[in-house]
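Chain identifiers are assigned alphabetically (A, B, ...) following the order of the sequence lines, protein sequences preceding nucleic acid strands; residue numbering begins at 1 within each chain.
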Amino acid sequence: RKEVEQDPGPFNVPEGATVAFNCTYSNSASQSFFWYRQDCRKEPKLLMSVYSSGNEDGRFTAQLNRASQYISLLIRDSKLSDSATYLCVVIIMRGSQGNLIFGKGTKLSVKP
Amino acid sequence: DTEVTQTPKHLVMGMTNKKSLKCEQHMGHRAMYWYKQKAKKPPELMFVYSYEKLSINESVPSRFSPECPNSSLLNLHLHALQPEDSALYLCASSQDSTGGGGYTFGSGTRLTVV
């Protein structure tokens, strides 16, 4: 079983749609959780950290369910500029060193 | 300064060349990383430096040689690479070795080996 699994998509949605991405992780000792966004031929950029209490940043809401080892990202009122690959990322500790583990990414394409 | 700066942005090198990739951050981060990313794949960890010491080497071939001259700089020395080493090489940093505050990535060096 892969350490971090995501639906690769692509998700093709119209502007204004609400879209949800899911991610599961296999290592129950995972410490920290993030969603990164990566545009084509660019570096990954931190979108938001993910907490059990849930967190919201504008149109983006992230949620962590530790019991189910499940992470989600909800994007409301999609914009054309939201088109990108969304990477689910987990930190697993190896001794005192955190190791960033990436999912394969979910591609989102928002159409006019 | 909240950036990780990588140079060069693009590099084409022959299989017998020696070149170096450079990475710099001035955020006071004490952990720095090299990742390799092939097209349509997620980044793969190569090396981790924590407090200027190599803490993780993910079984990377010796033709890749990392160096951390000080807490702000990270280099990746390249020698006798193969065409399959062509990829985007990403440098990242985090506040400390736990990475809990998230990682900041540089814009990468796009390497082509001919």
Is there side-chain contact between Phe102(A) and Leu45(B), with at least one heavy-atom pair below 4.5 Å?
no
Tell me who clusters with Leu111(B), hydrophobic residues only, linked when side chains sit under 4.5 Å apart either directly or through other members.
Leu11(B), Met13(B), Met15(B), Leu21(B), Met32(B), Trp34(B), Met46(B), Phe47(B), Tyr49(B), Leu54(B), Val60(B), Phe64(B), Leu74(B), Leu76(B), Leu78(B), Leu81(B), Tyr89(B), Val113(B)
With the side chain counted from C-beta on, respond yes when Thr98(B) and Gln31(A) share a heavy-atom pair under 4.5 Å apart, and no when they do not.
no
When the 4.5 angstrom heavy-atom criterion is applied to Gln6(B) and chain A, the contacting part is neither
Shorter than 4.5 Å, heavy atoms on both sides: which option in Ser50(B), Pro43(B), Ala92(B), Gly108(B) has the most such pairs with chain A?
Pro43(B)
Determine whether Leu88(B) and Lys42(A) make a side-chain contact, defined as any pair of heavy atoms from C-beta on separated by less than 4.5 Å.
no
Is the shortest side-chain heavy-atom distance between Ile101(A) and Pro42(B) below 4.5 Å?
no
Any side-chain heavy atom of Lys40(B) sitting closer than 4.5 Å to one from Lys104(A)?
no
Heavy-atom distance under 4.5 Å to chain B: side chain of Gln97(A), backbone, both or neither?
both
State, yes or no, whether a side-chain contact exists between Leu100(A) and Tyr35(B) at a heavy-atom distance under 4.5 Å.
yes
Would you mind checking which part of Arg41(A) comes under 4.5 Å of any heavy atom in chain B, side chain (CB onward), backbone (N, CA, C, O), both or neither?
both
Between the side chain of Ser107(B) and the main-chain N/O of Glu43(A), is any donor-acceptor distance below 3.5 Å?
no
Go through the atoms of Tyr36(A) and report whether side chain, backbone, both or neither lie under 4.5 Å from a heavy atom of chain B.
side chain
Taking NZ in Lys38(B) as the centre, count heavy atoms belonging to other residues, nucleotides or ligands within less than 6.0 Å. Is the count above 12?
yes
